[in-house]
Structure formats: structure tokens, C-alpha cells
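For reference, the structure discussed in these notes is given below.
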Amino acid sequence: MSTRERLLAILVAVLWGLNFLAIHLSLEQFPPFFLVALRFALLAVPTVLLIPRPDVPLRWLLGYGLGFGTLQFLFLYWAMATGMPTGLASLVLQSSAPMTVLLGATLLRERLDRGQVIGILLAVAGLTAIGWQQLGTAALGPFLLTLLGALGWALGNLSNKLARPSKPMHLTLWMSVVPVLPMLAVSLWVEGPTAIGASFVGLETQTGLLALAGLGYTMLFGTVVGSGIWTWLLTRHPSSRIAPFSMLVPVVGLLTAWAVLGETLTAGELAGAGVVVLGVLLGSGAVPLGRRRPDPEAALAEPAPLRDEAGTEPIGVVGAR
């Protein structure tokens, strides 16, 4: 990966880390399942009308939309609405990163080098340390719901990777079409029309305006910008190289929850966050472990120049001095 691509992956982690605060604000006004449907419906309508369908097999488009868009946010919003703390939710959801790596290695036969394995293990250890510090702040039910959301994200990552779109942003936008009807059906069944209608009362209040701002953030920065860059990165690199960057999300999420919502942040959690950052740097190849091997991705991206029959000079260079 180039430095520019690593910086883009870090930008996505920051955008997604701030996403949890936005979700928290939106859940103060809207019921969770309807909020998921609303979030994607507001993107889906202009997408269907204005954006050409991406040139990918339908099964991968549906897989991405059902995994990333439907399962992840159904369980995440449900967990946060039933007591999952914002900072801890951002942490537990990142179990999707090792899930993605394991699924990629098992189903897609993606190879892991020593640096990736050590980096991922370090990042998981850091997340575990943070989770241990926060043990007891959430009930078992919301915790398990967030884990199910992480599994949905991992499955969506694999479908995203296998889709290989020529225009990643088109795939990101069309992914938003998939969750709308399933989530609206769940909302009508579980929450009911009365709760949905009541959520539109008081939108002019401070709570309502903050909820709308949070909804706008999750749509624009969480989905369009963040997921669009993420899809572009997955088209260029193995999922095992990209997924570890998502483990930076809880570092941003915990700091945001501490700064804005007053959630506690201990020295142990800060130390765990540092370990996560180190693990991501190792897993992404930003910090080489031992003797650096040639990067096969770079070799594919920049093929060696052709040489003449004697094998001494690149073709087209002789006489060009």
C-alpha cells in the first residue's frame, strides 16, 4: 500500500469513529430499525433515479447490501438503543476486522505474511485490553447484538471484495438500496406505525435538530465518503491488508465518547488504544517487521520493463541517453 492509501484508510477510520456519536444523537429521536431504513432510503431514492447500476454480479451487490447495510446496522442500532455504550459499541464492532481476515483466508485463500498475523494479533490484544477495562458497562444482550453486527460487516466486506466494481462509488450508493425494504418491514413489525409517526414530532427542538444532523452525517460521511473510499481500497488490495484499519475506529469512537458524552476513559484503555495503533501499522505493512520482502502488489502494479535480446537494456531506452 502507498502512503496515500494508508492515509485514506485512516481517514475512513476517523469518519467511522465519529459515526457512533452521530448514531447516538439520531437514536435520541428515531426508533432504531426505522432509523436504519430512513438512513438508507434517503440515499436510495436519488441513487435509483440518477446513478447507473454498478457492473457487478447481482449476488455480490445483494451480499454487500445485506451484510454491510442490513445486518450490521440492524444489530448495531438495536444494541445501542438497548443500552450499549457508544464507546464500547465502536470497540466491539471492530471484531469484524479479524472476522474479515479469517473469512478471507478461509474462503478466498488470501495469504497472510508474518507481519500481518502479528499485527492483527496485537490489535486484537489491544481491543481485548480496552474491552476488559469496560467490562460491566454493558449487559450481555447488547454485547452479543453488536458482535452479530460485526459478523454482518465481515460478510459484507467479502461481498464487496468479490464484486470488484470498476466504479466503487456506484457500488457504495447502490448498496444503500438493499437495506431499505427489509429494514422498513422489520420496523413496521417491531416498532409499529405509531412509534414511527411519533418520531417526526419535535424535529424543530434541539434534540430533533441534533438527530437530523447525526442522520446527515451517517449518510454523507459514514456511507458515501467512508464506504466509498473503503470500497475503492478493497478493489486494490486483499481484504486482509485493508480490514485491520477498521480497528482504529474504536480509538476515535472512545475518544469522542469521552470528550463529548462524558464516558470514562482510563489509562489502561489509552494503553490498549496504543497497542491497537501499533498492530494496525504492522498489519498494514506501514512498519516492516524484520527484513522487508518485495511487495507482490507493487510488482503487479509496476511490471518490470522489457529488455532487449541481450538482456542488458530496457527496450526503448537504448540510444535514448
Side-chain angles (χ1 to χ4, degrees), residues 1-19 68 90 93-94 96-98 100-101 104-105 108 110-127 153-154 156-158 160-161 163-172 220-256 270-305 314:
M1 294 180 66
S2 67
T3 300
R4 172 173 170 266
E5 289 169 332
R6 292 190 183 97
L7 290 175
L8 285 173
I10 292 171
L11 173 63
V12 174
V14 172
L15 294 176
W16 284 350
L18 296 173
N19 218 19
F68 183 89
S90 71
L93 192 67
Q94 302 325 306
S96 66
T100 298
V101 172
L108 305 184
E110 292 183 349
R111 294 187 178 183
L112 304 177
D113 60 34
R114 185 177 60 170
Q116 286 178 282
V117 173
I118 293 176
I120 291 167
L121 290 177
L122 267 178
V124 170
L127 292 177
W153 184 1
N157 275 339
L158 290 192
N160 189 343
K161 173 67 180 176
R164 301 183 182 278
S166 60
K167 296 181 178 180
M169 187 59 71
H170 285 196
L171 176 61
T172 298
L220 179 60
F221 295 101
T223 301
V224 177
V225 179
S227 300
I229 296 174
W230 193 255
T231 298
W232 180 77
L233 290 170
L234 283 171
T235 63
R236 297 173 62 85
H237 300 282
S239 55
S240 58
R241 185 68 78 183
I242 302 301
F245 279 97
S246 69
M247 288 189 277
L248 293 174
V249 171
V251 178
V252 179
L254 287 167
L255 290 173
T256 304
L270 289 173
V275 174
V276 171
V277 172
L278 177 60
V280 171
L281 291 174
L282 284 172
S284 67
V287 176
L289 186 66
R291 185 178 178 181
R292 192 175 183 88
R293 296 182 179 179
D295 188 349
E297 298 170 18
L300 290 174
E302 300 180 7

Applying the side chain to side chain contact (heavy atoms under 4.5 Å, CB included) criterion to V252, which one of L18, N19, I10, L15 satisfies it?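 Exactly one pass, corresponding to L18.
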Exactly one of K167, M169, E5 should register a side chain to side chain contact (heavy atoms under 4.5 Å, CB included) with W232. Which one does?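 So, applying the side chain to side chain contact (heavy atoms under 4.5 Å, CB included) to W232 and each of K167, M169, E5, only E5 qualifies.
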Quick one: CG on L234 to NZ on K161, what's the gap to the nearest 0.5 Å?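 L234 CG to K161 NZ: 6.5 Å, rounded to 0.5 Å.
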What's the shortest heavy-atom distance between W16 and G222, and which atoms?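 Reported closest heavy-atom pair: NE1-O, 2.8 Å.
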Over all heavy atoms of both residues, which pair between L233 and L8 is shortest? Give the atoms and the distance, please.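 Heavy atoms only, the tightest pair is CD1-C, 4.5 Å.
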Test side chain to side chain donor-acceptor pair (under 3.5 Å) on N160 and W230 and set out the steps. CA-CA 9 Å; N160 189 343; W230 193 255; over 6 Å; no
After noting the C-alpha distance and the side-chain angles of L93 and V249, does the key distance pass the side chain to side chain contact (heavy atoms under 4.5 Å, CB included) rule? CA-CA 9 Å; L93 192 67; V249 171; over 6 Å; no
Applying side chain to side chain donor-acceptor pair (under 3.5 Å), run through T231 and T172 and close with a yes or a no. CA-CA 7 Å; T231 298; T172 298; 3.2 Å; yes
